[in-house]
Amino acid sequence: MWDFFETVRHRHSIRKYQTDTPVEEEKLNAILEMACAAPSAGDLQAYHITVVRSEGIREQLAAAASGQQFIAEAPVVLVFSADPVRSAERFGERGATIYALQDTTIAATYVQLAVVAAGLSSTWVGEFDERRVRELLELEADRVPLSLLSIGYPAETGELSPRRPLNEMVSWR
Ligand SMILES: Cc1cc2nc3c(=O)[nH]c(=O)nc-3n(C[C@H](O)[C@H](O)[C@H](O)COP(=O)(O)O)c2cc1C
C-alpha cells in the first residue's frame, strides 16, 4: 500500500485499458466511498455521480466527448455532475455558481486518487457536450455534468508529464 505522497506522485492519465478485465464491484464501492470523505460547502455534497458500465452508453459518451474512444474502452466511466440547486438552497448565488462546482470537483479528485490507491488507472475528461451527456444519462435539467473519469486496469504504462516549476504558481508573503 502506497502512502499518500506516493499515490499522488504516481497518478497519471492512462488512456488504454484492459478491456477484458472488469473493475470489481467491491473495489468500485470502496473508491466511491472516498467521494463522501471529501469536504463540501455546508457538508451538502452538492453533486451526483453516475456509474456507467453499459457498453452502449460508454460508446455514446465517447461520441459526446469529441470521439475520445478510450472512454468507450474503459470498463467503467464515472460522471460527476454538480447539483447547484442543492447548494443554492443554503448559500444562494454563491452556492449555485461556486460551491456546487467546487464540491463536485473535490469529490472527483478524491475518487481519482482512490483509483490509483486501488491499483487502477483513469483519465479525467472535461471535453464533452454537456447537453448530450445530460440527455444520455437522463440527468435532471438543473444538473451540470463537469467531469468524466474513465477507469480500468491499465494496458499501457503511460508516463509522468512535466510540470511547471512550483515557484511559477506559488508566492509567499
Ligand atoms: C479539467 C480537466 C480536463 C481534462 N480533459 C481531458 C480530456 O477531455 N481528454 C483527455 O484525454 N484528457 C483530459 N484531461 C487530462 C489532462 O490532459 C492530464 O491530466 C494532463 O495532461 C496531465 O497529465 P497527467 O494526468 O498524466 O498528470 C483533463 C484534465 C483536467 C484536469
Side-chain angles (χ1 to χ4, degrees), residues 2-19 23 28 31-32 34-35 37-41 45-55 57-84 87 96-137 139 143-170:
W2 282 334
D3 78 4
F4 175 76
F5 289 88
E6 285 174 303
T7 303
V8 171
R9 283 213 178 91
H10 183 83
R11 188 215 56 78
H12 57 282
S13 298
I14 288 290
R15 298 179 179 86
K16 276 194 192 350
Y17 303 99
Q18 298 174 28
T19 48
V23 176
L28 189 54
I31 288 167
L32 287 167
M34 291 300 99
S40 64
Q45 298 180 257
Y47 55 82
H48 179 79
I49 306 170
T50 313
V51 181
V52 182
R53 281 197 190 270
S54 152
E55 192 178 350
I57 300 178
R58 284 188 280 118
E59 274 166 10
Q60 294 185 76
L61 282 174
S66 312
Q68 299 187 74
Q69 200 50 33
F70 64 87
I71 297 167
E73 287 160 11
V76 175
V77 179
L78 300 180
V79 182
F80 290 80
S81 304
D83 184 351
S87 201
T97 58
I98 296 180
Y99 296 163
L101 309 190
Q102 291 184 338
D103 287 0
T104 311
T105 305
I106 298 167
T109 303
Y110 272 47
V111 165
Q112 192 175 35
L113 291 174
V115 164
V116 178
L120 292 151
S121 295
S122 72
T123 288
W124 183 299
V125 175
E127 185 193 343
F128 55 83
D129 178 335
E130 185 183 310
R131 211 162 28 160
R132 182 73 189 119
V133 169
R134 194 182 290 113
E135 205 175 81
L136 270 174
L137 303 180
L139 296 170
R143 296 272 163 88
V144 185
L146 284 184
S147 59
L148 274 53
L149 276 190
S150 55
I151 296 175
Y153 287 95
E156 63 174 355
T157 48
E159 54 188 38
L160 298 177
S161 307
R163 294 297 198 249
R164 292 164 62 192
L166 197 57
N167 64 11
E168 278 188 15
M169 289 93 70
V170 178

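As the structure is a computational prediction, the values presented were derived from the model and not from experiment. Every number for a ligand or one of its atoms is a count from 1 in the order of the listing.
A side-chain N or O of Gln45 and one of Tyr47 form a donor-acceptor pair less than 3.5 Å apart. Between the side chains of Gln60 and Arg132, at least one donor N or O lies within less than 3.5 Å of an accepting N or O.
Counting heavy atoms only, Arg163 comes closest to atom 22 (C) of ligand 1 of the residues Arg163, Gln68, Glu159, Arg15. For atom 23 (O) of ligand 1, the candidate residues are Ser161, Gly158, Gly126; the nearest heavy-atom contact is made by Ser161.
Scanning the protein heavy atoms around atom 26 (O) of ligand 1, the nearest turns out to be Ser13 N, 2.7 Å. With hydrogens left out, the protein atom closest to atom 2 (C) of ligand 1 is Trp124 CD1, 3.4 Å, a heavy atom.
Inter-residue side-chain proximity for Leu137 and Ile57 is flagged as met; some heavy-atom pair is nearer than 4.5 Å. A heavy-atom distance below 4.5 Å is found between the side chains of Leu61 and Val79. Side-chain contact check for Arg15 versus Glu156: some heavy-atom pair is nearer than 4.5 Å.
For atom 20 (C) of ligand 1, no protein heavy-atom neighbour is found at a distance under 4.0 Å.
Annotation for ligand 1: atoms under 4.0 Å from non-hydrogen atoms of His12 are 26 (O). When each atom of ligand 1 is checked for a heavy atom of Glu127 under 4.0 Å away, the hits are 8 (O). Interface of Thr123 with ligand 1, defined as ligand atoms under 4.0 Å from a residue heavy atom, comprises 10 (C), 11 (O), 12 (N).
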Are Asp83 and His48 close enough, and set up right, to give a side-chain contact (heavy atoms from CB on, under 4.5 Å), and what steps lead you there?
-> CA-CA 7 Å; Asp83 184 351; His48 179 79; 5.8 Å; no

Go through the steps for Arg131 and Glu135 under the test salt bridge (charged side-chain N to carboxylate O under 4.0 Å, His left out), then give the verdict.
-> CA-CA 6 Å; Arg131 211 162 28 160; Glu135 205 175 81; over 6 Å; no

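Residue contact check for ligand 1: Phe70 places a non-hydrogen atom closer than 4.0 Å to it.
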